[in-house]
Number of protein chains: 4
Amino acid sequence: MTRRRSDTREQIRRVALELFAEQGYEKTSLREIAERLEVTKAALYYHFKTKEDIVASLFEDFHAEAEELLEWSRGQEPTPASRREFVRRYAEIIQGPGREMLRFMQQNEPAVRDLKGGADLRARMQLFAEFLVDKDSSLPDQIRARMSIFSLHLAHFAMRDTAVDEDEVQAAALQVALDLIPED
Amino acid sequence: MTRRRSDTREQIRRVALELFAEQGYEKTSLREIAERLEVTKAALYYHFKTKEDIVASLFEDFHAEAEELLEWSRGQEPTPASRREFVRRYAEIIQGPGREMLRFMQQNEPAVRDLKGGADLRARMQLFAEFLVDKDSSLPDQIRARMSIFSLHLAHFAMRDTAVDEDEVQAAALQVALDLIPED
Amino acid sequence: MTRRRSDTREQIRRVALELFAEQGYEKTSLREIAERLEVTKAALYYHFKTKEDIVASLFEDFHAEAEELLEWSRGQEPTPASRREFVRRYAEIIQGPGREMLRFMQQNEPAVRDLKGGADLRARMQLFAEFLVDKDSSLPDQIRARMSIFSLHLAHFAMRDTAVDEDEVQAAALQVALDLIPED
Amino acid sequence: MTRRRSDTREQIRRVALELFAEQGYEKTSLREIAERLEVTKAALYYHFKTKEDIVASLFEDFHAEAEELLEWSRGQEPTPASRREFVRRYAEIIQGPGREMLRFMQQNEPAVRDLKGGADLRARMQLFAEFLVDKDSSLPDQIRARMSIFSLHLAHFAMRDTAVDEDEVQAAALQVALDLIPED
DNA sequence: CATGAATGAGCTTTCATTCAT
DNA sequence: CATGAATGAAAGCTCATTCAT
């Protein structure tokens with residue numbers, strides 16, 4: 001019944017993300033996470049110092065990928081083409097577990113904002129926008145660039161009441177996101 | 001020091017919305033609301049049966065206005081022009097307190113979803129989308145119609161790190177929203 | 001079954017002091033205090049914001065009496081006579097509930113030190129010593145002055161294994177304390 | 001990096017005593033002791049069966065020295081001279097680590113009382129008093145004899161807010177202790 | 001119209017302890 | 001000789017809610 005080294009840690013992260021995204025951070029108790037994994041609450045504390053640290057650990061994954069993307073962007077001239085490439089790469093990042101992560105971030109803003117690493121994520125989003133649109137662009141274009149990102153985050157949620165395949169939605173969302181990037 | 005009939009009730013709603021939007025529903029305790037108003041928690045219970053009922057009461061305001069808008073839309077042919085008019089009217093609704101309400105809804109999805117009246121609001125959003133885009137439109141257009149609405153909800157949040165005037169943002173957001181409505 | 005206004009608060013203070021003095025601060029749980037009073041833990045929190053605040057409230061009583069004594073001492077020339085009078089007055093203060101308080105303080109030093117108001121109490125003790133002995137007295141006299149105070153605090157504890165009447169002990173302790181005050 | 005046979009055991013005792021004396025027994029967790037030694041909690045359990053056993057082991061050292069002193073005293077007539085010699089010998093015992101031990105005992109009474117060996121230590125103190133003062137002496141003299149011992153225990157603590165050298169304090173404390181022993 | 005007092009349920013967190021490896 | 005992983009029990013605390021006055 002014992003698990004491989006750090007298997008439990010990974011399981012905790014997985015279940016926690018699932019529940020945080022589904023029910024929200026505050027509403028998800030450690031008891032609930034523990035019960036799903038059939039361990040005790042105290043076991044969670046062996047692997048993470050606090051509830052907040054579980055989230056922080058999840059943030060880090062995203063943080064790292066976002067950083068890599070930003071690193072790439074710093075070597076690019078901000079042309080329509082490179083901006084679209086940026087969006088495409090970002091879309092790829094937030095496939096899989098990333099998508100749940102972003103859904104969590106976007107739909108639990110007040111909680112996330114106060115969490116360790118939360119401010120940092122917000123700052124990163126701001127940097128995304130700065131690459132995607134010129135500082136002196138029109139206000140609508142500024143907003144468009146940001147809604148481009150949000151399309152990728154929210155498309156699935158926006159279409160949740162329709163019976164459309166998840167992957168198709170994500171592909172269409174990329175389309176929408178690309179079209180929101182200013183042409184020049 | 002006395003208050004006009006049901007002034008208190010209105011104050012509770014105001015402060016509650018403020019705090020729910022700012023800190024989230026779960027993180028905002030009745031104690032906090034009561035303290036801000038310098039009344040006791042028990043006083044809140046004189047005006048509202050439960051915490052949830054405070055939110056429900058806030059929802060109702062929005063619900064009524066949304067209903068009116070839908071009523072109007074039912075008398076319209078869904079043309080590009082009427083759709084744009086719909087968006088314009090919706091933008092007007094969510095000025096003022098409405099904006100805080102929507103920010104709350106969008107950024108506390110997991111909490112709101114389970115609240116009395118929450119599902120209803122979601123359904124209404126779905127109806128909005130159905131008026132704004134044809135059922136057999138392309139998937140990207142379906143998403144665009146929904147992101148149109150979300151632009152109005154989230155523009156202020158998306159631009160929060162920039163130093164732009166709130167009303168200008170909202171005007172630009174309307175611009176973006178209108179452009180996301182399919183041309184035909 | 002209801003109690004008079006603030007009766008409960010006083011009961012909490014009484015039982016808490018009893019248990020803190022008997023078992024120590026850390027070992028005494030709020031559950032235990034609550035059970036003795038046949039109320040719930042939450043009731044304690046209605047009357048005191050934290051466990052620490054219960055102690056702080058107890059400290060305040062002593063603090064006030066100590067302050068009064070110091071106030072008196074400030075109007076006195078520090079003669080052997082006035083110093084003995086000081087000790088006599090202090091002995092009177094720490095009769096009754098005061099004695100349990102001091103026993104708590106003296107026998108839970110590490111806990112008390114970190115408690116709100118704890119440092120303050122220690123400072124007061126220092127001021128006592130400063131009145132009781134000249135700054136340039138010999139080191140043994142410095143210590144004697146302090147042990148004089150401690151005699152009053154600890155005599156009961158020191159004699160606990162003997163079968164002597166509590167009041168007699170306290171009277172004898174005063175005798176010892178007085179004899180420890182430097183003759184001039 | 002390896003340690004001599006049972007070096008670790010000694011380190012645990014040393015660090016534990018340090019922390020128990022400084023923060024109190026209850027407030028000091030095994031985690032904290034382990035962290036200071038850069039070993040795991042489980043390692044502590046290799047050397048000691050329980051937390052209590054660490055203290056018990058510390059008590060034993062003192063117990064042994066106290067026993068030796070008592071053994072010596074049993075061969076002595078209780079004269080003023082032999083009583084003073086007793087105090088001098090005791091003062092020597094509680095130099096060094098012994099002093100921290102006694103500080104711990106005196107300032108954590110409620111915890112110590114319930115610990116394995118705690119009652120025993122208290123009994124020994126009682127035996128000290130019995131040698132130092134006649135059973136039929138006056139009550140003040142009974143108390144004086146006990147305060148004599150306490151002077152040695154508490155002098156350092158009593159003078160903590162002054163800037164006097166530790167060894168000087170201890171020498172003066174011995175002076176005070178000796179003077180508290182009844183002349184006949 | 002509102003308060004003071006209290007509760008039951010639940011939360012996050014910490015602790016001493018165990019045991020297979 | 002020691003660790004990694006886990007547990008059961010309990011702690012301090014907060015919350016929404018109730019109700020007599």
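All chains are named by letter (A, B, ...) in the order of the sequence lines, taking the proteins before the strands, and each is independently numbered beginning at 1.
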ask   = Using purine N1 to pyrimidine N3 plus N6-O4 or O6-N4 for Watson-Crick, or N1-O2 and O6-N3 for G-U wobble, both under 3.5 Å, which nucleotide pairs with E/dG4?
value = F/dC19

ask   = Within the pair C/Thr8 and E/dA6, is there a side-chain N or O less than 4.0 Å away from OP1 or OP2?
value = yes

Position toward the 5' end of DNA chain E (nearest nucleotide), A/Tyr25 or D/Arg31 = A/Tyr25

key: Mate of F/dA9 where both pairing distances stay under 3.5 Å, Watson-Crick or G-U   = E/dT14

inquiry  = Do C/Lys27 and D/Tyr25 form a cation-pi contact, if we require the NZ or CZ to be under 6.0 Å from the six-membered ring centre and within 45 degrees of the ring's axis?
reply    = no

key: Atom-pair distance (OH on D/Tyr46; P on F/dG4), nearest Å   = 17 Å

request  = Would you mind reading off the distance between A/Glu38 atom CD and F/dT7 atom P, rounded to a whole angstrom?
outcome  = 11 Å

message = Please pick, from F/dA2, E/dT12, F/dT7, the nucleotide with the shortest atom-to-atom distance to any side-chain atom of A/Ser29.
response = E/dT12

remark   = To the nearest angstrom, the CD1-P distance between C/Ile12 and F/dG12 comes to 14 Å

ask   = Quick one: B/Gln23 CD to F/dT14 P, roughly how many Å, whole number?
value = 15 Å

Rounded distance (Å) that lies between atom P of E/dA16 and atom CG of D/Asp53 = 14 Å

Nearest-nucleotide pick for C/His47, side chain only, options being E/dA6, F/dA6, F/dC15 = E/dA6

request  = Rounded off to whole Å, could you give me the CD-to-P distance for the D/Gln11 and F/dA2 pair?
outcome  = 11 Å

task = Choose from F/dA10, F/dT17, E/dC19 the nucleotide whose nearest atom is closest to any side-chain atom of B/Tyr45.
result = F/dT17

remark   = Between B/Thr28 and B/Ala42, the residue closer to the 5' end of DNA chain F by nearest nucleotide is B/Thr28

Given E/dG4, E/dT12, E/dT7, the nucleotide with the shortest approach to the side chain of A/Leu30 = E/dT12

request  = Choose from E/dT17, F/dA11, F/dT18 the nucleotide whose nearest atom is closest to any side-chain atom of D/Lys51.
outcome  = E/dT17

ask   = Between F/dC1 atom P and D/Lys49 atom NZ, what is the distance in whole Å?
value = 18 Å

query = Among B/Gln107, B/Arg103, B/Gln106, whose side-chain contact (heavy atoms from CB on, under 4.5 Å) with B/Phe157 holds?
reply = B/Gln107

request  = Would you mind checking if C/Glu65 and C/Arg124 are paired as a salt bridge, meaning a charged N to carboxylate O distance below 4.0 Å?
outcome  = no

key: C/Met101 and C/Asp61: CA distance, side-chain angles, deciding distance, side-chain contact (heavy atoms from CB on, under 4.5 Å) verdict   = CA-CA 10 Å; C/Met101 181 71 232; C/Asp61 287 6; over 6 Å; no

remark   = Ranking B/Lys27 and A/Leu44 by the position along DNA chain F of their nearest nucleotide, the one closer to 5' is A/Leu44

Side-chain ion pair, A/Arg36 and A/Glu32, N-O less than 4.0 Å = no

message = Rounded to whole Å, please give me the gap between CZ in D/Phe20 and P in E/dC15.
response = 12 Å

